[in-house]
Amino acid sequence: MQQFAEVIVDVPTQQTDQPYTYEIPPDLVGQIQPGMRVIVPFGTRRVLGFLVRVIEHKPDVSFEIKPIEEVLDLAPVLSDELLQLSDWLAKWTFSFKISCLQAMLPAAMRASYGKKIRLTTTEVSADVKLLFGEKQELPFDTKNLSARAFRTLSKLNRENKAEIVYEVRDRAQSKSITMITGLLTPAQITQEKAKTRINALRLQQLLDFLLDLGSARLSQKDAEVQTGLAASVFTQGQKKGWLKKSQVEEYRDPYSTAEISKTEPQKLKPAQTKAVAEIETEIKKQSEQVFLLQGVTGSGKTEVYLYAIACALAQKKTALMLVPEISLTPQMVHRVRGRFGSNVAVLHSGLSEGEKYDEWRRIERKEATVVVGARSAVFAPLDNIGVIIMDEEHETSYKQESMPEYHARDVAIKRGQWHHCPVVLGSATPSLESRARAQKGVYRWLRLDERINGQPLPAVKLVNMQDELKRAPAVDISGPLLEAIKERIARNEQVVLMLNRRGYSSFIMCRECGFVLKCPNCDISLTMHMDSHSMKCHYCGHEEPIPNICPSCHSKKIRYYGTGTEKVQQELEKLLPDVSILRMDVDTTKRKGAHSRLLQKFGAKEANILLGTQMIAKGLDFPDVTLVGVLNADTALSLPNFRSAERTFQLLTQVSGRAGRADKTGEVLIQTFNPEHYAIQLAKNQNYEQFFGMEMNMRHRGGYPPYFFTIQIVINGTNEAEVAKKIFEVNGQLTQILSQQAVVLGPTPKPIMRVNNRFYYQLVIKYKNEPKLDQFLKELLQNSQQDMRRNLQLTIDRDPVDFI
DNA sequence: CAACTCAGGTCA
DNA sequence: GACCTGAGTTGG
């Protein structure tokens, strides 16, 4: 029987964002299923596609239906659940279906495309022969070929002397190793030894080795090391029929399994016991209840998670645990692996493409039943999920900033509904959205108010920089902070200093004329990098040397301004010459594993001070840290962002939790220019509940989330006038369809208006209930295709993290 | 997105 | 006639 298939092709554009129909070749009928990846002809090209539906009858269409060319998977790589989820995701985030499907799989399972040109005749001119050499085929792409060669080859193609071959390759490659098995009995080996010339030393050695090996199997690599024999000797042995080589698939294990030491469940405090009991009941009831587990730092949230996971496993189910990338530290991974051993798969950005793929497959083959991972792990191919946990649920890194712009929390809850399992959102400082839902009873509210070790939270002191600045020993370090640091160092304790870097950078300014060095492509000032001795643009990557004289007035008084970790490090080194400082920021942690190496060093007390940006605020736990200093608490406060108070509060609360976790009491010093600001005052008192009340008030008055939903529309293009015209046009259409209750902010140019020579304009819709809005936005996006020709791009972001 | 088609140009 | 360029169209 003839079968057809609907395929979503790997061409992320508006007009190809629909299933295309292909014929299933007769020999594949019955085997091919939705969720498999296929290669299909698309125009003159061949592209990867996802099979989403099988249809039994030939659709009544006027165009030709082409057959599927190749099937890449033996079994579906996306389950029914994930296929449906991708549909929802595309609608919810206004993204292309293909982008959603790809987002669910490790990058290794995307296709890589290549073009080759193949000669079809031998009668070619001398220069063509030179180009091809001995080969029949050449890679054919504009990047690697000279203009001249490109021209000759194009001509060849036109004359039908060569054809262009389109290649689609699956990037996924499992790693395999060669195993050696002996084929001879000991008696046969003795015979062979006698037959082999005595001075054929290597072969004699190989036979001796095979005798030792017996019936065991060993990797060729290990065998080579043990015997000191070259690979060729083993190949000879294979030819003589002495041994068998076999390819065995090997998982790249990023954490060596040997190191896991089993850890036992801890005894729970009453509040924890209560939380665990409530979650367990819902797991057993298979309910879709969402919990908000609100617990101060050190109250043992992680232990509650581990109990919940254990419960799910006991029900013969699986568990998914999401953590922000930054707190996916070795400490954290150890803890989960220590409890559940090799059942745990870990997915995070530190893994190579291949490692991620291997972990993904372990999950898919049900070899791992517990998944711990960052944002994208929410799509882990787990079956039969018993509980989903999301730690630090307020973290903004759960929202993806590129297509599809999803929030992992929304996806987690959606998956919870499919699997009929509870979702646990945990945080010391919940997002206002979640906390408000807990208030209304949409989520069930669980609280852990006490710290496990019964220790009081560290004392938090504010340093008013307005007063201190005049007499401060350095621009960024006040007298009280310097004294406090000296005190700890004298006691051989450790200090963590955090520089809030958001919206802050060290730029160059001329003190004579006020000239600021800016990026030629983007609208922002260049940031100085001491390690590479250059000025870099953080948006487009433009790089140029640090100027000595002002390009504008030729004065020599051009200096850097602003605060960067490097500058603070230099200041500290001047003030405290004998103290060792570890710096942790984007520059020092760029390389793979650098992050955890730095932390290890600090843990081993190789340095007294750890100086870093936001990334040190989370997840680390060092017993000897008794002082935490925040150098600039309020840089984020001044940003035109309705979440800036929430962010500042969360960050300060979190970093405060880093001080004095063991037997030593900790102290926190916050340097601020706004000591009276409520976010800072309440962070000082670690009073989340009061902050929640105040901030909800502010949001209510301003008409911001969680009282209103928000959608951001951004238009960018190379011609500023056209961009502005388009956004005002959209604004006009919006006023037609929106009710009185909705508010549109803007249109305005984005604060950073020009990036890579493109202009950005935006508007934000705040609304409560707009039944026509989704349909309007969908059509807007579809019609935006016409504008592509005018080089205009339109993006829609639901629930944007901020409006800047 | 990439490739094709078509219209309108240039150049020897 | 051969080739280039840009705008517009199309993919099953």
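By convention in this document, chain letters (A, B, ...) are assigned in the order of the sequence lines, proteins followed by strands, and residues within each chain are numbered from 1.
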Next item on the list: Could you please name the option among B:dC1, B:dA3, C:dG11 that lies closest to any side-chain atom of A:T44?
Entry: B:dA3

Notebook entry, point to check: Roughly how many Å is it from CD1 in A:I98 to P in C:dG12, rounded to a whole number?
Noted result: 16 Å

Check: Just by distance, with hydrogens left out, do A:E81 and A:H419 show a side-chain donor and acceptor under 3.5 Å apart?
Finding: yes

Next item on the list: For the side chain of A:T13, starting at C-beta, report the closest nucleotide among B:dC1, C:dG12, B:dA3.
Entry: B:dC1

Notebook entry, point to check: Expressed in angstrom and rounded to an integer, what is the separation of A:D17 atom CG from C:dG12 atom C1'?
Noted result: 15 Å

Notebook entry, point to check: If you measure from the ring centre of A:F63 to the centre of the six-membered ring in the base of C:dG12, is it under 5.5 Å, with the planes under 30° apart?
Noted result: yes

Check: When all nucleic acid strands are considered with a 4.0 Å heavy-atom cut-off, which category describes A:F42: base, sugar-phosphate, or nothing?
Finding: base

Item checked: Pair of N/O donor and acceptor under 3.5 Å linking C:dC3 base with A:R151 side chain -> no

Item checked: Separation of C:dG1 P from A:R158 CZ (nearest whole Å) -> 16 Å

Notebook entry, point to check: Between atom CZ in A:F150 and atom P in C:dC3, what is the gap in whole Å?
Noted result: 14 Å

Notebook entry, point to check: Is A:Q15 touching bases, backbone alone, or none of the nucleic acid, heavy atoms closer than 4.0 Å?
Noted result: base

Notebook entry, point to check: Is any side-chain N or O of A:K66 closer than 4.0 Å to OP1 or OP2 of C:dG11?
Noted result: no

Checklist line | Check: A:T710/A:R798 side-chain N/O donor and acceptor closer than 3.5 Å | finding: no

Check: Please give, in whole Å, the distance from C:dG11 P to A:I65 CD1?
Finding: 13 Å

Next item on the list: Choose from B:dA3, C:dG12, B:dC1 the nucleotide whose nearest atom is closest to any side-chain atom of A:K115.
Entry: B:dA3

Note to self: Classify A:Y113 by what it touches in the nucleic acid, base, sugar-phosphate, or nothing, heavy-atom distance under 4.0 Å.
What the structure shows: nothing

Next item on the list: Just compare B:dA2, B:dC4, C:dG12 and give me whichever is closest to any side-chain atom of A:R45.
Entry: B:dA2

Check: For residues A:E405 and A:S95, is any side-chain donor paired with an opposing acceptor at under 3.5 Å?
Finding: no

Next item on the list: Using atom CD of A:E69 as one end and atom C1' of C:dG12 as the other, report the distance to the nearest whole Å.
Entry: 13 Å

Check: When rounded to the nearest 0.5 angstrom, what is the spacing between CD1 in A:I98 and CE in A:M403?
Finding: 11.5 Å

Margin query: Students often get this wrong, so: under 4.0 angstrom with heavy atoms, is A:P12 touching a base, only sugar-phosphate, or nothing?
Written below: nothing

Checklist line | Whole-Å distance separating the CZ atom of A:R46 from the P atom of B:dC1 | finding: 22 Å

Notebook entry, point to check: Is the shortest heavy-atom distance from the side chain of A:W360 to the side chain of A:K356 under 4.5 Å?
Noted result: no

Margin query: Expressed as a whole number of angstroms, how long is the span from A:E64:CD to C:dG12:P?
Written below: 7 Å

